[in-house]
Amino acid sequence: MKGSNLVSLTAGLWAALAAGAAHAVAWYFQSPASRMAETIDWLHQVIMWIILVIFVGVFGVMFCACFAHRKSVGHKAAQFHENTTVELLWTVIPAIVLVVIAWPVTKVVIAQKDTSAPDVTIKVTGYQWKWGYDYLRGEGEGISFVSTLATPREQIEGTAPKGENYLLEVDNELVVPVGKKIRVITTAADVIHAWWIPAFGAKQDAIPGFLRDTWFRAEQEGTFRGQCTELCGKEHGYMPIVVRAVKPDEYTKWVAQHQPKAAAKVAASAAPAAAAPAAAADDTKPLPVAELVSRGEKVYTANCVACHQATGKGLEAMKAPALAGNKVVTGSKQEPIDTVLNGRPNTAMQPFKQLSDAEIAAVLTYVRSSWGNKASDVQPAEVKARRK
Ligand SMILES: [Cu+2]
């Protein structure tokens, strides 16, 4: 090959590599926001280089041998068996490589499982299809809320342009202090889900009837997004996880706003203000029907639409009955209120008592007056009266 040809080929190759590298950043892992994620990233790179060296070495020798010893140049095969030196080498070298890899990897896995001495302990419950968060211990103890997908239905159905955080945004974000060890205990209420925040290097299955745990320590402020990573049913892709890491003093303020007063019921006041602006102390004051219906539609879209559908026709696969023209729905208020508050045993209908009285009244009013249903409105005080 002529010198100039070689130069242009090399230049072309570099250009292609540089373009590839720029492209690769978008496809690489999320940038780490915890020391654990940094270590995992480092391990990944080191092991990839080891793999690359072995790959090039083994295949290089193989291709060279095939080329140099090909039949067309008249090569005669050497006949030998049981070469002790070669057999020892191809056993011992891979064994050493494996140990070299296994040593740091085992250290990381053990560190991931070390959930001792946390600053804050949060129970995470997977539901079809949302996450429940209960702050069990540490600053924020007693706070408890449900986190559901906030992406508008129109974006999912394609009638509106998709937002920046499409399917990665929620109504209530998990808020944690930066630099503190957060223990996450996972479980689930229906099927297996998995809680995963890639930037923290924290991932744990959430299994019904079991408690598992993991931990993370956010090293920087910011909003970090992850997803359920265990195929959990038809809306598996619609239950993202969003963690907001804030400065400790900001966290203290957030806790003061959201921690229930010792006397108040946990569930009633735990929903963060942004999601339920009216879920305050005067939650039971009578509301006009129009307001109940419009608010009820939002509550329905966030909580009920996955099973009962936007048309109110229900979903056979979930054994979710149609609400349109349903005699129980339009009958006396007592049974619909109890169903939403307590769920229905042995069905997919879970208790929604985490919603405020006003939210439940709103959604029931909406359901009782939509899709041809024509029943009277439900007022917050009526819901409050049925709470046990
Ligand atoms: Cu899931």
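Ligands are counted one by one from 1 in listed order, and the atoms in each one are counted from 1 as well.
Counting backbone and side-chain atoms alike, Met239 contributes an N/O/S atom closer than 2.8 Å to the Cu ion (ligand 1). Coordination check, Cys228 versus the Cu ion (ligand 1): passed, since an N/O/S atom of the residue sits under 2.8 Å.
Scanning both residues, Gln112 and Thr214, for their nearest heavy atoms gives O-OG1, 4.1 Å.
The aromatic rings of Trp254 and Phe145 sit perpendicular, their planes meeting at an angle over 60°, well past the 30° parallel limit.
In this structure, Arg137 places its CZ atom where only 12 or fewer heavy-atom neighbours from other residues, nucleotides or ligands lie under 6.0 Å away. Atom CZ of Arg35 has 12 or fewer neighbouring heavy atoms from other residues, nucleotides or ligands inside a 6.0 Å radius.
Geometry note: the Cu ion (ligand 1) is the vertex, Cys232 SG and His193 ND1 are the arms, and the angle is 100° (rounded to 10 degrees).
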